[in-house]
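Letters go in sequence order (proteins before strands), and every chain restarts at 1.
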Protein chains: 2
Amino acid sequence: MPPGKRPPISRRDRPTKPALTRQGIVEAALSLLRAEGLERVTMRRLAQELDTGAASLYVYVRNTAELHALILDELLGDVDLAPVSAAGEWRERLVAVLWSYTAVLVDHSGLAQSALVTRPSGPGYLHLVEGVLALLSEGGVAPGRAAWAVDLLLHFATSTATEQGIRSRAIDADDEEDRAAAALLGLSPETFPHIVALNAVLLSVEGAERLTWGFHVLINGVLETPRPESS
Amino acid sequence: MPPGKRPPISRRDRPTKPALTRQGIVEAALSLLRAEGLERVTMRRLAQELDTGAASLYVYVRNTAELHALILDELLGDVDLAPVSAAGEWRERLVAVLWSYTAVLVDHSGLAQSALVTRPSGPGYLHLVEGVLALLSEGGVAPGRAAWAVDLLLHFATSTATEQGIRSRAIDADDEEDRAAAALLGLSPETFPHIVALNAVLLSVEGAERLTWGFHVLINGVLETPRPESS
DNA sequence: ACCTGAACACCGTTCAAGT
DNA sequence: ACCTGAACACCGTTCAAGT
């Protein structure tokens, strides 16, 4: 077949290349995230996945930060908001929602990091805020105080998720960082080998207890601490 | 002068190239940080500053993360720990220390971010932990609870610094993110132009009040919330 | 032992040129 | 209007080869 003008062939021969849309880009990014992790959700890699050039994505997405924010909000749809309208003590239900939020983020701690830097703004996030506000209101927290509290609570959950994500690595007894961690745990360097075992506990049972404790500290503190007069 | 073997010339003609040392690298990194910001403290840029190749730095520094951790700890020497042993109410002195820590980090929010991801371990950080523990002990917080509390307090300060650093930018009424921020503040889109003014307040007076409130929430919550029985 | 150039395998973003 | 190749200006890290 000679070169030159060829008849516009039907799309069927390249079924993996649908027209670009903002939603399609976000979906591709999400599947790339699940397949290869956030660090590979780059403009170039994503474009490759979509069978185009990186430059094309800039028609739909302002920059990488916006792309990540879009993914995050999509993921936030997985947060379990059922406890908001369930039966039971409001404190416990609030902790359940915060746990769910943290759990969703912890699998993709890079996204949590971006949530810390660029406050989320999509529908997923707004639903979450709404739910937390409802629970605080049920708990009798005045609106002004609740507005600050919801920020404080979500901020704490977000930063915990950021922190946790990276901690999932082996402890190395020669590593200076790990030595300091051991010191903080009150372990003398002699008993060092034991941290390996301890660390697993820290990430599971004790880690969980600490986070729950943190949530309760925040909730009790909010109940106990009025906003300053002036504002 | 013909090429070939030249006599080893004295170092005096290149006074800016001292031998590489770990400390020298950290100092150069620190001055680069102050001059150009964290985003330019890269292995390549730093090597250039030290008149060598990036590969040479790997003799002294494991990787970029370690480099940043080293810088951070150096900076932590600037935290004002005087309130630890000053007169006055322990709560207020604790808040003062936390404020100082936050202030040091907020100027370099990228470093705060790295502190969130890689828990600091150097002497600067350990002194800070020591000071906070001393104040909590003075406040009658039991050691076990204090151990968790110091983490909670510093973690909150660190993540607040991470968050604040980026917020120092103009509000754009066309920006979706800013629209959501306005919504959260309870402003209808009609009153939108006013956020520009409001934003300044938020970053100064109200922002400061919120952070102080957050610290007090944490402190009151810690006093109010025992650690779970099991651990 | 320490240092290095060069290479490998990537990045984000812009822009002129095409359709 | 949408899409793109190519370019610009970078990255971190490794490694063989030098001194």
Side-chain angles (χ1 to χ4, degrees), chain A residues 3-11 14 16-26 28-29 32-33 35-71 110-111 113-114 117-118 166 169, chain B residues 3-11 14 16-26 28-29 32-33 35-71 110-111 113-114 117-118 166 169:
Chain A
K5 278 206 192 101
R6 261 179 282 176
I9 42 181
S10 91
R11 283 239 170 89
R14 200 59 181 87
T16 42
K17 192 179 179 178
L20 284 180
T21 62
R22 194 174 161 98
Q23 192 54 38
I25 288 170
V26 173
L32 190 55
L33 172 73
E36 308 188 8
L38 185 69
E39 64 281 358
R40 308 215 69 79
V41 184
T42 64
M43 295 303 240
R44 290 177 108 112
R45 180 72 186 79
L46 181 56
Q48 185 186 313
E49 207 65 18
L50 288 164
D51 210 359
T52 182
S56 306
L57 302 181
Y58 285 83
V59 177
Y60 303 95
V61 170
R62 203 192 307 253
N63 52 35
T64 306
E66 187 181 287
L67 176 65
H68 286 177
L70 253 22
I71 298 172
L111 280 177
Q113 220 168 323
S114 93
V117 153
T118 312
I166 320 291
R169 53 174 188 77
Chain B
K5 280 205 191 100
R6 262 181 279 176
I9 43 180
S10 89
R11 284 239 170 89
R14 202 54 182 91
T16 41
K17 192 177 180 180
L20 284 181
T21 61
R22 194 175 161 96
Q23 192 53 37
I25 288 170
V26 173
L32 190 55
L33 172 73
E36 307 188 9
L38 184 68
E39 64 281 357
R40 307 215 70 79
V41 184
T42 64
M43 294 304 238
R44 289 177 109 112
R45 180 72 186 79
L46 181 57
Q48 186 186 315
E49 206 65 18
L50 288 163
D51 210 359
T52 182
S56 306
L57 302 181
Y58 284 83
V59 177
Y60 303 95
V61 171
R62 202 192 308 253
N63 52 36
T64 306
E66 186 179 290
L67 176 66
H68 286 177
L70 253 21
I71 298 173
L111 280 178
Q113 220 169 322
S114 92
V117 153
T118 311
I166 321 292
R169 55 176 187 74

Item checked: Nucleic acid footprint by protein, nucleotides 8-16 of chain D - heavy-atom cut-off 4.0 Å, B for base, S for sugar-phosphate alone -> --SBBBBB-
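When the P atom is used for both D:dC3 and D:dA7, the distance is 23 Å, rounded to whole Å. Distance noted for atom C1' between C:dC10 and C:dA6: 16 Å (whole Å). D:dA9 and C:dA9 are spaced 24 Å apart, taking the P atom of each and rounding to whole Å.
The nearest whole Å value for the distance from the CD1 atom in B:I25 to the C1' atom in C:dC2 is 12 Å. Between the CG atom of B:D51 and the C1' atom of C:dG5 there is a distance of 14 Å, given to the nearest Å. One interatomic measurement links the two molecules: CG of B:L20 to C1' of C:dA1, which rounds to 13 Å at whole-angstrom precision.
In terms of heavy-atom proximity, B:L67 sits nearest to B:V61 at N-CG1, 3.7 Å. The nearest pair of heavy atoms linking A:I71 to A:A29 is CD1-CB, 3.7 Å.
Without hydrogens or angle criteria, B:Y60 side chain to B:I25 main chain gives no donor-acceptor distance under 3.5 Å. Under a 3.5 Å cut-off, the side chain of B:R44 and the backbone N or O of B:A54 do not form any donor-acceptor pair. Counting only distance, with no hydrogens or angles, the side chain of A:H68 and the backbone of A:V41 share a donor-acceptor pair below 3.5 Å.
Atom CG in A:L32 sits 9.5 Å away from atom CG in A:L38 (nearest 0.5 Å).
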Note to self: Let me check I have this right: for DNA chain D, each base becomes ., (, ), [, ] or |, based on Watson-Crick or G-U pairs with both distances under 3.5 Å. What is the full string?
What the structure shows: ||.|||||...|||||.||
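Of the charged side-chain nitrogens involved, at least one lies within less than 4.0 Å of a carboxylate oxygen, so that B:E66 and B:R22 count as a salt-bridged pair.
Here A:Q23 pairs with A:E27 under the side chain to side chain donor-acceptor pair (under 3.5 Å) rule; sequence neighbours left out.
For D:dC3, neither phosphate oxygen OP1 nor OP2 lies less than 4.0 angstrom from any side-chain nitrogen or oxygen of A:T52.
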